[in-house]
Amino acid sequence: MTGSTDRKTWLGFLARAPQGRIASLLSQVGPVPPATDLRRPEAGSVMVQGRAGGTGNAFNLGEMTVTRCSLQLPCGTVGHGYVQGRSKADARAAAVVDALLQTDHADRVHAAVTAPLAAEAAARQKSRAAKAAATRVEFFTLVRGED
């Protein structure tokens, strides 16, 4: 699993993972090489933008708290992690996963971490879609026979 498109995808899954989930999945990978912090985990805020009608002009919706971390593995690979909220442990775990996915351990880490996160995200999306479909209203017009 390499390439910028794949990296963008896995960073998205890591960023949206529920609190504590990345670390619990990462523990199943086995021993992780020690990493050197390039940027220790730190919390901050980012401006979230929305679009009118989902496709219109962008507007500032509000701020959201995120935590970021950057680290380097002994082999020189750099990993970055951004997560929602203030969990420094999650940001560090996301950075470790990002770095490992760029090494020879990518297949093992993908199977243990990013594949389950992708499946869980798909299940959440399907659940939301089912709830929305349950509220769908069908409108129809009866022909009254008048010209």
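Counting side-chain heavy-atom gaps under 4.5 Å among Ile, Leu, Val, Met, Phe, Trp and Tyr, Y82 is found in no cluster with other residues.
Hydrophobic clustering (ILVMFWY, side-chain heavy atoms < 4.5 Å, transitive): M64 and V83 are in distinct clusters.
The salt bridge (Lys or Arg N to Asp or Glu O under 4.0 Å) analysis of residues 86-99, with sequence neighbours excluded, yields the pairs R7-D98, D37-R92. Contacts classified as salt bridge (Lys or Arg N to Asp or Glu O under 4.0 Å) and involving residues 22-31 (residues at least two apart or in different chains) are not found. Pairs of residues two or more places apart, or lying in two chains, never qualify as salt bridge (Lys or Arg N to Asp or Glu O under 4.0 Å) while including a residue from residues 43-56.
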Please tabulate, for side-chain N and O atoms in residues 65-81, each donor-acceptor pair with protein atoms closer than 3.5 Å (sequence neighbours left out).
| from | atom 1 | to | atom 2 | distance (Å) |
| --- | --- | --- | --- | --- |
| T67 | OG1 | G85 | O | 2.7 |
| R68 | NE | E42 | OE2 | 2.8 |
| R68 | NH2 | E42 | OE2 | 2.7 |
| S70 | OG | H80 | ND1 | 2.7 |
| Q72 | NE2 | G76 | O | 3.2 |

List the atom pairs, with distances to 0.1 Å, where a side-chain N or O of residues 22-34 and a protein N or O form a donor-acceptor pair under 3.5 Å, not counting sequence neighbours.
| from | atom 1 | to | atom 2 | distance (Å) |
| --- | --- | --- | --- | --- |
| S24 | OG | R21 | O | 2.9 |
| S27 | OG | S24 | O | 2.6 |

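With sequence neighbours left out, R16 forms a side-chain hydrogen bond (donor to acceptor under 3.5 Å, both in side chains) with no residue at all. When the salt bridge (charged side-chain N to carboxylate O under 4.0 Å, His left out) test is applied to R136, the partners found at least two apart in sequence or on another chain are E138. A121 is linked by a side chain to side chain contact (heavy atoms under 4.5 Å, CB included) to F13, R124, counting only residues two or more places apart in sequence or in another chain. Under the rule for a side-chain hydrogen bond (donor to acceptor under 3.5 Å, both in side chains), the partners of N60 that lie at least two apart in sequence or sit in another chain are Q49.
In this structure, L101 and H110 have side chains that are in contact, with non-hydrogen atoms separated by less than 4.5 Å.
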